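For reference, the structure discussed in these notes is given below.
Quick note: residue numbers are just sequence positions, from 1. Treat the numbers as computed from the prediction; the structure is a model and nothing was measured. Start at 1 and go down the list; that is how both ligands and their atoms are numbered.
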Amino acid sequence: KDFALNITGTFIIKVSLDNKIIDVNEPFLKYTNYEKGDIVDKVFFSSLVTKYSGIDYKTFLTKLYSKGVSEADIGIVTKDKKEIFMSVFAKSCKNENGILYYVFVCKDISEFYHEEKYSSSINEGRMIFKGLAESESVLDKNFSMFNGVERLKESENKHKFLIDSMNIGMLDFDVKKNKFYFSDKCKQLLCKDAHANNRDIKNILITRMYKEDYYKVLKNVHLAVSNKLDSFKSSFRLVNDDKSYTYIEFFGKLTYNREGEIINLAGSLTDISSACIYQEKIKKLAYYDNLTGLDNRTYMEEYVDMLYKNNPYSRSAFIFLDIDDFKFINDSFGHYFGDKVICEMAVRIRSISKNYIVSRFSGDEIAIFIPEYGTLEGLINYIELLSTTLSISYDDEKDVSYSVEASIGISVSPDNGKDFEDLLKCADIAMNRVKNMGKNKYLFFDKKMQEDLKEQLEIEKDLKNAVGANGELLLYLQPQYDINTGRLSGFESLTRWSSPKRGMVPPSVFIPIAEETRLIVPLGRWVLLESCRLLKELQGRGYKDIKISVNLSPIQLIDNHLIEYVKEILFETEIDTGMLELEITETALMENFELNLKKLYELKDMGISMALDDFGTGYSSLTYLKTLPMSSIKIDKSFIDNVSTSNIDKRITEKIIELSHVLNFKTIAEGVETKEQLQFVKSMGCDIVQGFFSGMPIYKDDVFKALGNNLYSYFNTAARELSFPNK
Ligand code: C2E
Ligand code: CA
Ligand code: CA
């Protein structure tokens, strides 16, 4: 009986009606470090109690007295003054004369108690445990009816009944005779075959055990034996036919002879699957990355914050890395290879980072946390090793071999912060700086980055207000001329931000921020609306052949509402859509070609024309170019800049113009600043010119003044230059 109760890992406490502890089982003593003599018949149960959860002691007892059963989560103090938490199921045991004593069957839940996250798994565990406790309690009641000689027999019966009722399989291994014995329950647990003999069962047990767990159990047995322990606990998984797992808790009891040799191993196997699966799932979801098995971000976050709570002055390093051009790997070799690279990276990083926390955040982002990095020199050595380890080529069966490079940002505590969030932020900034500088390097976070970041955040905030229509955004228009006739052909809309705090902020500063924060969507919508309103006014005043070109950011292009709001604006302003043009950069287009193409055709169907902006700076294929519904190509300013000095740029410009004519596009030369540049592009047959030489961007309200009484006079100088005969 003792053995049976001892192996269940369950504490049993007998309490008299006046609350005195009258008996406890072995596991309870072991766990709390009390000796039997310390507490039995000496101590009131309530004096051990530190707290009740959910229910107070009086209610607990009243219920126990009146209903015969009661339950609560109770904290008690151990001999060495630690607090442990138990889920207690209590039952009163009576005979015909009334209540004799109470039995408290308790399960240790300390492990879960502090973790709110596990509260649902505690409940589940509690349900299983409740069934267990009930059967023990019922037995105890029956047991108390017998006495004397009957007792021994009953004890055996009870033993058997108890074990059978608790879903616990028993095994016994006679080491000297090398003989196994398995109880019926154990047989049921391990195999369906009712006729299997002990040897069969042993083999089934070994073959069904999950390999790694098998070695783990062996190791635990070995450890217990070599340390002469009299018991040990180890859990393992049985692999079911459908590849699912049955989780088993194995509690073993060892017997040695006088010489100290092991002679017997007896044990219990308890099916703890339902609790385990649940816990495992929660734990996995909560703390692991599915693909690589690395810890996930949540785990690292909790770990790091915990570390600083305990040791605010630790000199830790936070390393954040991101593979360069990972999208290219996925696109070129497929996601399967991409995943393989990430898994292999995880293995490599782990192999050189034994005592560090390595965690995958998302996609190709991996973070490494070094709790104490020691010397800066050591840290740098590690980072260089990391960088070379990662750059070794990755191969797969299909002969793909590819070397990845990573950009690495590092932050250190306490200098850069003392919690997860700050360290991550700083390392992330440093990493992004590496990306901008040309990748495949590492950088430590520094103060300058901090200041830049602060500035960036401030701009973000102010820009948000500016987009919120407080009149700070201004529409400017830069004229475009027909190179052959010298006539004004249209304007490009360029946004200006006049910030009361910062003065005129150039688009090269605020557009990238607007894109990063998606503020470009409302901003772009505003520009389009303003431009269309202006266009409507132009058309109303008779300027029916003037085009307005509006820049469309890649973020606007991928936005699902684009088509919808363009339609709304067209409806509201009632313009002749033939005079509206949208400028899209080639890189933006290539990102998600099929989808973008569909949208471009929808826009085209509304009568809008399109220009390919910054042509020559991205990489578009000729096949794609052929299928684009574009009407013009804008040659990037960088080529125009050098046409007077570089023969190569001259030839490229010439060939771009030729190519665009083959494809039936008009060419627009952008950023023309000098007479020489203008004459060159004109001689090459370019169609339209836009640049400071022919006209600076002007404020919206000045457009009509410029066009004014004397048509196009504002642009006369440029117009005159344009009419120079072609040399
Ligand atoms: P972009 O679309 O390539 O616009 C042309 C830029 O070149 C404009 O700069 C224009 O002022 C400038 N530019 C024109 N001619 C010359 C010249 O002869 N010399 C020089 N040095 N520059 C010249 P801006 O207005 O600063 O705009 C910069 C970029 O910001 C634009 O480049 C465009 O990508 C973006 N942007 C401006 N406004 C908007 C907008 O409303 N929406 C979107 N999505 N982007 C905009
Ligand atoms: Ca443009
Ligand atoms: Ca451009």
Side-chain angles (χ1 to χ4, degrees), residues 463 466-467 472-481 490-498 503-534 547-559 562 565-566 569 580-589 609-618 630-644 653 656 667-678 680-681 686 688-700 715 717-718 721:
L463 183 62
V467 173
E472 289 178 26
L473 289 183
L474 309 172
L475 187 66
Y476 271 65
L477 297 120
Q478 187 176 31
Q480 298 176 331
Y481 290 94
F491 296 100
E492 176 178 2
S493 289
L494 294 164
T495 311
R496 298 287 176 261
W497 176 22
S498 159
M504 272 292 187
V505 185
S508 54
V509 171
F510 73 82
I511 295 288
I513 297 176
E515 287 180 333
E516 225 168 85
T517 52
R518 292 185 54 83
L519 279 171
I520 193 72
V521 173
L523 186 150
R525 198 183 162 139
W526 175 85
V527 179
L528 185 66
L529 180 61
E530 287 296 298
S531 303
C532 287
R533 282 181 177 155
L534 179 64
K547 255 190 179 173
I548 291 188
S549 233
V550 180
N551 289 290
L552 196 70
S553 143
I555 311 292
Q556 287 174 275
L557 194 59
I558 52 172
D559 176 22
L562 172 72
Y565 71 72
V566 170
I569 291 175
L580 178 64
E581 188 169 63
L582 294 175
E583 295 188 6
I584 300 147
T585 62
E586 45 177 330
T587 330
L589 266 183
S609 58
M610 261 151 293
L612 198 55
D613 204 355
D614 302 346
F615 187 78
T617 57
M630 295 285 156
S631 52
S632 38
I633 276 182
K634 298 187 86 172
I635 307 171
D636 192 67
K637 182 177 180 307
S638 55
F639 298 106
I640 308 294
D641 280 347
N642 300 322
V643 288
S644 323
T653 309
I656 293 179
T667 40
I668 302 168
E670 224 184 351
V672 172
E673 291 176 341
T674 67
K675 197 162 140 186
E676 289 71 36
Q677 289 169 349
L678 172 64
F680 174 77
V681 292
C686 181
I688 293 166
V689 62
Q690 175 187 351
F692 291 173
F693 183 70
S694 47
M696 302 289 282
I698 48 167
Y699 182 50
K700 177 193 74 176
F715 311 110
T717 344
E721 293 293 345

Angle at the Ca ion (ligand 3) (to 10°), with one arm to OD1 of Asp614 and the other to OE1 of Glu670: 110°
Residue, atom name and distance, where the atom is the protein heavy atom closest to atom 38 (N) of ligand 1: Thr495 N, 3.2 Å
Short side-chain to backbone donor-acceptor contact, Glu472 and Val467, under 3.5 Å: no
Who's closest to atom 27 (O) of ligand 1 heavy-atom-wise, of Pro506, Ser694, Pro507? Pro507
Please check atom 44 (N) of ligand 1 for a protein heavy-atom neighbour under 4.0 Å. yes
Any side-chain heavy-atom pair from Ser694 and Leu678 closer than 4.5 angstrom? no
Minimum-distance protein heavy atom relative to atom 15 (N) of ligand 1: Gln478 NE2, 3.0 Å
Distance-only, no hydrogens or angles: does the Glu530 side chain make a donor-acceptor pair with backbone N or O of Trp526 under 3.5 Å? no
The Ca ion (ligand 2) reached by Ser549 (N, O or S, under 3.0 Å): no
Numbered atoms of ligand 1 (with element) below 4.0 Å of Gly691, judged on heavy atoms: 15 (N), 18 (O)
Within a distance under 4.0 Å of any heavy atom of Asp614, pick out the atoms of ligand 1 and give their elements. 3 (O)
How close do Ile548 and Ser493 get, counting heavy atoms only, and between which atoms? CG2-OG, 3.4 Å
Protein contact to atom 18 (O) of ligand 1 [nearest heavy atom, distance to 0.1 Å]: Phe692 N, 2.7 Å
Quick one: are Phe491 and Gln690 in side-chain contact, heavy atoms under 4.5 Å? no
What are the two closest non-hydrogen atoms of Ile640 and Val681, and how far apart are they? CD1-CG1, 3.9 Å
Asp613 neighbourhood, listing ligand 1 atoms whose heavy-atom distance to it stays under 4.0 Å: 2 (O)
What I want to know is whether Ser493 and ligand 1 share at least one N or O pair that is separated by under 3.5 angstrom. no
Check the pair Ser638 / Asn642 against side-chain contact (heavy atoms from CB on, under 4.5 Å), numbers first and verdict last. CA-CA 7 Å; Ser638 55; Asn642 300 322; 5.8 Å; no
In Asp613, the N, O or S atom nearest to the Ca ion (ligand 2) is which? OD2
Within the stated cut-off of 3.0 Å, is an N/O/S atom of Glu583 closer than that to the Ca ion (ligand 3)? no
Show your working on side-chain contact (heavy atoms from CB on, under 4.5 Å) between Leu582 and Leu528 and close with a plain yes or no. CA-CA 9 Å; Leu582 294 175; Leu528 185 66; 4.1 Å; yes
For atom 34 (O) of ligand 1, find the nearest protein heavy atom and state the residue, atom name and distance (0.1 Å precision). Asn551 OD1, 4.7 Å
Quick one: does Lys634 get within less than 4.0 Å of ligand 1, heavy atoms only? no
What do you reckon, does Arg496 put a non-hydrogen atom under 4.0 Å from ligand 1? yes
Work out which heavy atom in Ile688 is nearest to a heavy atom in Gln480; give both atom names and the distance. CG2-CB, 3.8 Å
Which atom names give the shortest non-hydrogen contact between Ser644 and Glu676, and what distance separates them? OG-CB, 4.1 Å
If you count the atoms of ligand 1 from 1 in the order shown, which ones are under 4.0 Å from a heavy atom of Val672? 18 (O)
Within 4.0 Å of some non-hydrogen atom of Ser553, the atoms of ligand 1 are 44 (N)
At less than 3.0 Å, would any N/O/S atom of Asp636, backbone or side chain, sit next to the Ca ion (ligand 3)? no
For atom 19 (N) of ligand 1, what's the nearest protein heavy-atom neighbour? Residue, atom name and distance, please. Glu673 OE2, 2.6 Å
Atom 1 (P) of ligand 1 has as its nearest protein heavy atom Glu670 OE2, 3.9 Å
Run the numbers for me: atoms of ligand 1, each under 4.0 Å from some heavy atom of Val527, listed by number. 41 (O)
Nearest non-hydrogen contact with atom 20 (C) of ligand 1 belongs to which option: Lys637, Gln556, Glu530? Lys637
For ligand 1, the portion of Ile511 having any non-hydrogen atom under 4.0 Å away: side chain
In the complex you have, is atom 6 (C) of ligand 1 within reach of the protein, judged by whether a heavy-atom distance drops under 4.0 Å? no
What N, O or S atom of Glu492 is found closest to the Ca ion (ligand 2)? OE2
Do Leu474 and Lys700 come within less than 4.5 Å of each other through their side chains, counting heavy atoms only? no
Check whether any protein heavy atom sits under 4.0 Å from atom 11 (O) of ligand 1. yes
Which heavy atom of Gly671 sits nearest a heavy atom of Gln677, and at what distance? O-OE1, 3.9 Å
Return a yes/no value: protein heavy atom under 4.0 Å from atom 41 (O) of ligand 1? yes
Closer than 3.5 angstrom, by distance alone: can the side chain of Ser631 be matched with the main-chain N or O of Met610 as a donor-acceptor pair? yes
Between Lys634 and the options Glu583, Glu581, Glu586, the salt bridge (Lys or Arg N to Asp or Glu O under 4.0 Å) test singles out Glu583
Any non-hydrogen atom of Glu492 lying under 4.0 Å from ligand 1? yes
Looking only at heavy atoms of Gly671, does any of them come nearer than 4.0 Å to an atom of ligand 1? yes
Is the ring pair Tyr476/Tyr699 parallel, tilted or perpendicular, if the boundaries are 30 and 60 degrees? tilted
heavy-atom search around atom 31 (C) of ligand 1 in the protein gives Leu494 CD2, 4.4 Å
What heavy-atom pair brings Ser531 and Val527 nearest, and what distance separates the two atoms? OG-O, 2.6 Å
Step by step, would you call Arg518 with Ile555 a side-chain contact (heavy atoms from CB on, under 4.5 Å)? CA-CA 7 Å; Arg518 292 185 54 83; Ile555 311 292; 3.7 Å; yes
